[in-house]
Undergrad: 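Before I ask anything, let me first share the structure, which is written out below as structure tokens.
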Protein chains: 2
Amino acid sequence: MYDLFFQKFREKVPLSVEEEQQIKSYLTPKKLRKRQYLLQEGDICKTLAFVEKGALREYSVDNGSEHIIQFAVEGWTISDLFSFLTGEPAIYNIDALEDSELILITRTAHEELLQTQPKYETYNRVLITSAYVALQRRLTASISLSIEERYTNFTTMYPDIAQRVPQHMIASYLGLTPETLSRARKKMTTRK
Amino acid sequence: MYDLFFQKFREKVPLSVEEEQQIKSYLTPKKLRKRQYLLQEGDICKTLAFVEKGALREYSVDNGSEHIIQFAVEGWTISDLFSFLTGEPAIYNIDALEDSELILITRTAHEELLQTQPKYETYNRVLITSAYVALQRRLTASISLSIEERYTNFTTMYPDIAQRVPQHMIASYLGLTPETLSRARKKMTTRK
DNA sequence: CCGTTTTATTGACAAAAGTCAATGGTTTTT
DNA sequence: AAAAACCATTGACTTTTGTCAATAAAACGG
């Protein structure tokens, strides 16, 4: 159940068996059915969620239309970090796109681990740093690339997600309507 | 010269005088004239730069047009983090919008500090975490808000920057042409 | 100072993207 | 197996944004 979590952890920071056991004692497994919410806008985000299996999305809703800001598949962590850290109400929703298995870390667990387990802090720092870099690249893409480029960028970066997720959600992730993405794809195939 | 740096540091993580001295020994001051580059696309980004005084921008250029991805004024840190961490060539340029005074941390200094000074690691983690949260909010705004909302958002979030920086750079930061921003502003004032 | 450069605005027009509605093909549910 | 829900595509049309060009004001540098 915790295999992937510790595999990913060790890729970033090596761990002894004892350390692994100590950290494991802070983790909670959770299963989520397709379409179930992990978090709803307005609630306080109580946990970080690591995806052992399945796929989730994080999105905001603004007068009726959804804007996906992140996908998470196996090996990824998802949360409304701002809400998690500050205790303010979440501005995002998170729900499952497939039946999923998660590993949850509550805020108190997170804080105790930061205090008591230096390797957890290091892991956390490395994790958030690469998330930041990825997000910065994504923002650059969204500001400077054409729709076609953004789409190809996405499919080559995350071929896995591109296959598992309906196209209109990718459109939403890219900040487009489904129609516009459909037409962009058509243009791409007729020319290529 | 290092006042603001340690003030910001202590806001996040308290420091003893000795710790401050130890960290200080890893820092290098640098002055930059207006329009001077701190980093050019293609070069390796050698440092993190904390802004003690002045203002800088980070931007990418793609066939002729510039896209500003970040501003940094007093108290902010700026860098091409990906290039800094991996040693790959930078995809961004950084230059000074005003005469500026910076505090630089080289990659080796950064790594030694991470190893030897737990509080530096904590500071770093907290810093990058809030940078991540801010970036996520910005991305959400850029995907889900109208131009008017994005602009008001920016000016209320960073009134200081909005005043110091020419309008066409704000347009670039928001992913717009200067003309479009100018017209959006006009619409806002006539209605309000 | 005075000339040059930068900056913001505006107009006319073109291109890009969104909206609405319809269709046909899937998948899901019962 | 049939009905319902979901999904991708397409067409006609509207709205939004970009492009190019001109102008005037402001800032800057010698």
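Here is the naming used below: chain letters follow the sequence lines, and residue numbers restart at 1 for every chain.
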Undergrad: Donor-acceptor check, side chain of Glu41(A) to backbone of Ser60(A), threshold 3.5 angstrom: yes or no?
TA: no

Undergrad: With a 4.0 Å cutoff (strictly under), does any side-chain N or O of His168(A) reach OP1 or OP2 of dA8(D)?
TA: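 Answer yes for this pair, as a side-chain N or O of His168(A) is under 4.0 Å from OP1 or OP2.
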
Undergrad: From the set dT9(C), dT10(C), dG18(C), return the single nucleotide nearest to any side-chain atom of Arg183(A).
TA: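 Closest nucleotide to the Arg183(A) side chain: dG18(C).
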
Undergrad: Separation of Tyr151(B) atom OH from dA8(C) atom C1', in whole Å?
TA: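 Value for this atom pair: 11 Å.
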
Undergrad: What I want to find out is whether Arg57(B) reaches Asp95(B) closely enough, with some N-O distance under 4.0 Å, to be called a salt bridge.
TA: yes

Undergrad: Distance check needed: dT17(D) C1' versus Glu148(B) CD, whole Å only.
TA: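 Those two atoms, CD and C1', are 12 Å apart.
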
Undergrad: Looking at side-chain heavy atoms only, is the closest gap between Val51(B) and Thr77(B) below 4.5 Å?
TA: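 No, every pair of side-chain atoms sits at 4.5 Å or beyond.
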
Undergrad: Taking side chain as C-beta onward, heavy atoms only, is Glu20(A) less than 4.5 Å from Tyr2(A)?
TA: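 They are not in side-chain contact.
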
Undergrad: Give a yes-or-no answer on whether the side chains of Glu121(A) and Thr122(B) include a donor-acceptor pair shorter than 3.5 Å.
TA: yes

Undergrad: Is it the case that Arg138(B) places NZ or CZ above or below the six-membered ring of Tyr173(B), under 6.0 angstrom from the centre and within 45 degrees of the axis?
TA: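 Yes, cation above the ring, under 6.0 Å and within 45°.
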
Undergrad: At 10 degrees resolution, what angle do the end axes of the helix from dC1(C)-dG30(D) to dT30(C)-dA1(D) form when each is taken over five base pairs?
TA: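 Terminal axis comparison yields 60°.
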
Undergrad: Output yes when at least one side-chain N/O atom of Thr180(B) is less than 4.0 Å from OP1 or OP2 of dG18(D), else no.
TA: yes

Undergrad: For Ile147(B), report the nucleic acid contact type (base, sugar-phosphate, nothing); a contact means any heavy atom under 4.0 Å.
TA: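 Sugar-phosphate only.
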
Undergrad: Between C1' on dA16(C) and CG on Leu181(A), what's the gap in Å once rounded to a whole number?
TA: 15 Å

Undergrad: To the nearest Å, give me how far apart CZ (Arg164(B)) and C1' (dA27(D)) are.
TA: 17 Å

Undergrad: So, is Thr177(B) close to the dG18(D) phosphate, meaning a side-chain N or O under 4.0 Å from OP1 or OP2?
TA: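 Affirmative; the distance criterion is met.
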
Undergrad: Mapping Lys34(B) and Glu179(B) to their closest nucleotides on DNA chain D, which lands nearer the 5' end?
TA: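 Result: Glu179(B).
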
Undergrad: Please report the distance, rounded to the nearest Å, between CD in Glu66(A) and P in dG18(C).
TA: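 Taking CD of Glu66(A) and P of dG18(C), I get 16 Å after rounding.
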
Undergrad: Donor-acceptor pair under 3.5 Å: do we get one between Arg35(B)'s side chain and the base of dT5(C)?
TA: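 There is none.
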
Undergrad: Less than 4.0 angstrom between a side-chain N/O of Gln167(A) and OP1 or OP2 of dT9(D), yes or no?
TA: yes

Undergrad: How many whole angstroms separate atom CE of Met169(B) from atom P of dT6(C)?
TA: 11 Å

Undergrad: Enumerate the ring pair (Phe, Tyr, Trp, His ring centres under 6.0 Å) contacts for residues 123-145 of chain B, please, sequence neighbours excluded, ordered by first and then second residue.
TA: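 Residue pairs passing ring pair (Phe, Tyr, Trp, His ring centres under 6.0 Å), neighbours aside: Phe9(B)-Tyr123(B).
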
Undergrad: Using only side-chain N and O atoms of Lys186(B), determine if any of them is under 4.0 Å from OP1 or OP2 of dT9(C).
TA: no

Undergrad: Between C1' on dT27(C) and CD on Glu98(A), what's the gap in Å once rounded to a whole number?
TA: 15 Å

